[in-house]
Amino acid sequence: MATGRTSLAVDVGGTKVIVAIVDEAGSVHARVTMATHDPDPGFSVRRVDPIEDRLTAADHLVKRIATAAAALVHDTRELPVGAGFATTGHVDADAGSVLHSGLVAGWSRFPLRDAFQRALLEAGLPEMPVAVDNDGHAMALAEARFGAARGHQHAICVAVGTGVGGGLILDGHLYRGHRGLAGLIGHSNIAFRGRRCQCGKRGCLEAYAAGPRIVDEYRRLSRASRAGERLVAPLRLQDVCARAESGDTNADLAIRRGGQYLGAGLASLANALNPSVIVIGGGVLGAGPVWFNAAREELYAHVRHTVAVGLDVVPATLGSDAVVIGAGLMARSAQQT
């Protein structure tokens with residue numbers, strides 16, 4: 001079994017997990033995808049279980065991922081130099097733990113690095129260094145090394161999907177901030193006493209610009225205009241985009257507004273950080289040029305003219321592979337420490 005060329009990379013999202021073998025050039029050699037939530041875990045999910053010898057949902061998820069990783073390593077016959085684990089939520093990379101996340105029961109305050117190292121050993125893999133971080137940071141690392149932010153020393157990378165997250169590249173390095181939480185872009189405030197966000201606060205950018213909020217805006221516009229067609233639930237962003245392409249003016253306006261909200265929020269960050277590039281990615285990028293151009297135009301409309309000089313606003317180039325490639329880079333960093 002060859003060693004030294006590849007890393008084990010894990011991308012854990014709200015609905016799916018990608019486990020991959022990634023090389024030092026950012027190429028994905030092999031991958032397996034599975035659902036984040038096991039429909040039949042074989043045990044009772046418990047948030048706190050100090051006495052009974054049962055797996056929590058968090059433990060179970062980590063063991064499933066380690067089992068898939070071991071099978072992937074066996075199939076590729078590539079022994080990774082280390083593992084990178086990127087997850088949604090607030091992560092303390094130095095401590096190797098998840099501080100806060102509603103991903104599965106027990107994911108908040110979960111010692112992820114230690115748990116994954118144990119699970120890999122139990123799955124039959126040799127001991128290896130493990131790095132953990134949130135998915136926004138992983139995306140920023142990948143876009144800075146191999147993607148749209150390559151060659152830039154100062155970049156804002158934002159991923160817009162069911163939420164809004166990202167990472168900051170300052171002086172050529174990922175900026176993590178105190179406790180590693182820098183990059184919570186979706187929770188910058190754009191409206192004093194505005195809409196309530198899923199985090200419980202009001203006026204967060206995420207409450208206006210995330211994919212589900214664009215769908216909500218479409219529903220509001222349709223009700224206000226007394227559109228004749230009854231809106232069926234569930235309605236997805238893809239459905240809104242399809243309606244916009246078919247000439248639904250409410251759908252087109254909702255998509256544009258989602259982009260405008262994003263652009264206004266990013267302008268504030270640009271004024272504070274003075275980047276040379278802002279990279280916009282995530283699932284909502286699939287809404288197309290109407291959404292992206294609205295975000296770009298609104299950003300330039302709000303950013304200070306001196307900050308706008310030399311500032312590019314570009315789509316991400318690594319697509320859905322960005323996080324798992326970033327996790328591979330994290331693994332390389334863990335191997336070097």
Side-chain angles (χ1 to χ4, degrees), residues 7-20 22 25-28 31 33 36 83-91 93 98 101 103 112 131-170 172-177 180-188 205-206 209-211 262 265-266 269-270 273 275-287 292 295 312-334:
S7 301
L8 179 64
V10 180
D11 168 15
V12 178
T15 59
K16 68 179 180 180
V17 177
I18 300 173
V19 183
V22 181
S27 297
V28 178
R31 79 181 77 207
T33 302
T36 302
F85 197 118
T87 176
T88 181
H90 302 179
V91 178
V98 180
S101 175
L103 183 71
L112 179 55
V132 302
D133 211 330
N134 73 50
D135 48 5
H137 287 178
M139 177 260 195
L141 284 170
E143 289 290 345
R145 178 71 67 85
F146 302 116
R150 186 174 183 177
H152 290 268
Q153 294 295 298
H154 305 278
I156 297 173
C157 299
V158 57
V160 187
T162 55
V164 180
L168 311 174
I169 304 297
L170 303 180
H173 301 283
L174 177 68
Y175 177 72
R176 288 189 167 86
L181 301 179
L184 298 179
I185 294 170
H187 299 288
S188 54
L205 175 60
E206 187 170 293
L262 177 67
L266 292 178
L269 287 176
L273 298 173
S276 60
V277 69
I278 295 178
V279 177
I280 300 176
V284 180
L285 188 61
F292 180 83
D312 289 330
V313 181
V314 298
T317 58
L318 298 179
S320 59
D321 280 342
V323 174
V324 79
I325 292 172
L329 291 172
M330 288 158 42
R332 288 276 168 182
S333 296

Kindly determine whether Leu262 and Leu205 satisfy side chain to side chain contact (heavy atoms under 4.5 Å, CB included), including the steps that lead there.
CA-CA 7 Å; Leu262 177 67; Leu205 175 60; 4.2 Å; yes

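- With hydrogens and angles disregarded, a donor-acceptor distance shorter than 3.5 Å links the side chain of Glu206 to the backbone of Val164.
- In this structure the side chain of Thr36 reaches within 4.5 angstrom of the side chain of Leu103, judged on heavy atoms.
- Here the closest non-hydrogen pair linking Ala86 and Met330 is N-CE, 4.2 Å.
- With hydrogens and angles ignored, the 3.5 Å screen pairs a side-chain donor or acceptor of Thr317 with a backbone N or O of Ala148.
- Ala9 and Val22 make their closest contact through CB-CG2, 3.8 Å (heavy atoms, listed as atom of the first residue, atom of the second, distance).
- Asp312 contributes no side-chain N or O that, together with a main-chain N or O of Val314, makes up a donor-acceptor pair within less than 3.5 Å.
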Verify side chain to side chain contact (heavy atoms under 4.5 Å, CB included) between Thr33 and Val17, making sure each step is shown before the conclusion.
CA-CA 6 Å; Thr33 302; Val17 177; over 6 Å; no

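- Looking at Glu143, its side chain does come within 3.5 Å of a backbone N or O of Leu318 through a donor-acceptor pair.
- Looking at Arg176 and Asp133, a side-chain N of the basic residue comes within less than 4.0 Å of a carboxylate O on the acidic one, giving a salt bridge.
- Shown here for Leu174 and Ala140, the closest heavy-atom pair between the two residues is CD1-CB, 4.2 Å.
- Annotation: side chain of Val324 is not in contact with side chain of Val10 (no heavy-atom distance under 4.5 Å).
- Across Gly166 and Ile185, no two heavy atoms sit closer than the pair CA-CD1, 4.1 Å.
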Does the pair Leu8 and Phe85 meet the rule for a side chain to side chain contact (heavy atoms under 4.5 Å, CB included), with working shown?
CA-CA 8 Å; Leu8 179 64; Phe85 197 118; over 6 Å; no

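- The distance from atom OG of Ser320 to atom NZ of Lys16, rounded to the nearest 0.5 Å, is 6.0 Å.
- Using a distance-only test at 3.5 Å, with no hydrogens or angles considered, no donor-acceptor pair links the side chain of His137 to the main chain of Val91.
- Using a 4.5 Å heavy-atom threshold, the side chains of Ile325 and Val28 count as touching.
- Considering every non-hydrogen atom in both Gly177 and Ala182, the closest pair reads N-CB, 3.9 Å.
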Decide side chain to side chain contact (heavy atoms under 4.5 Å, CB included) for Leu184 and His90; before the verdict, give the C-alpha distance in whole Å, the side-chain angles of both, and the deciding distance to 0.1 Å.
CA-CA 9 Å; Leu184 298 179; His90 302 179; 3.9 Å; yes

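- For the pair Ala149 and Ala155, the tightest heavy-atom approach, listed with the atom from each and the gap, is CB-CB, 4.0 Å.
- To the nearest 0.5 angstrom, Leu170 atom CG is 7.5 Å from Tyr175 atom OH.
- Rounded to the nearest 0.5 angstrom, Leu329 CG and Ser7 OG are separated by 8.0 Å.
- Checked options Val323, Thr87, Ile18; the residue passing with Val12 is Thr87 (criterion: side chain to side chain contact (heavy atoms under 4.5 Å, CB included)).
- Within the model, atoms CG of Leu266 and CD1 of Ile156 stand 6.5 Å from one another, a figure rounded to the nearest 0.5 Å.
- Interatomic distance, Ile169 CD1 to Leu141 CG, rounded to the nearest 0.5 Å: 5.5 Å.
- For Ser101 (side chain) and Gly89 (main-chain N/O), no donor-acceptor pair under 3.5 Å exists by modelled atom type.
- With 3.5 Å as the limit, one finds no donor-acceptor pair spanning the side chains of Ser276 and His154.
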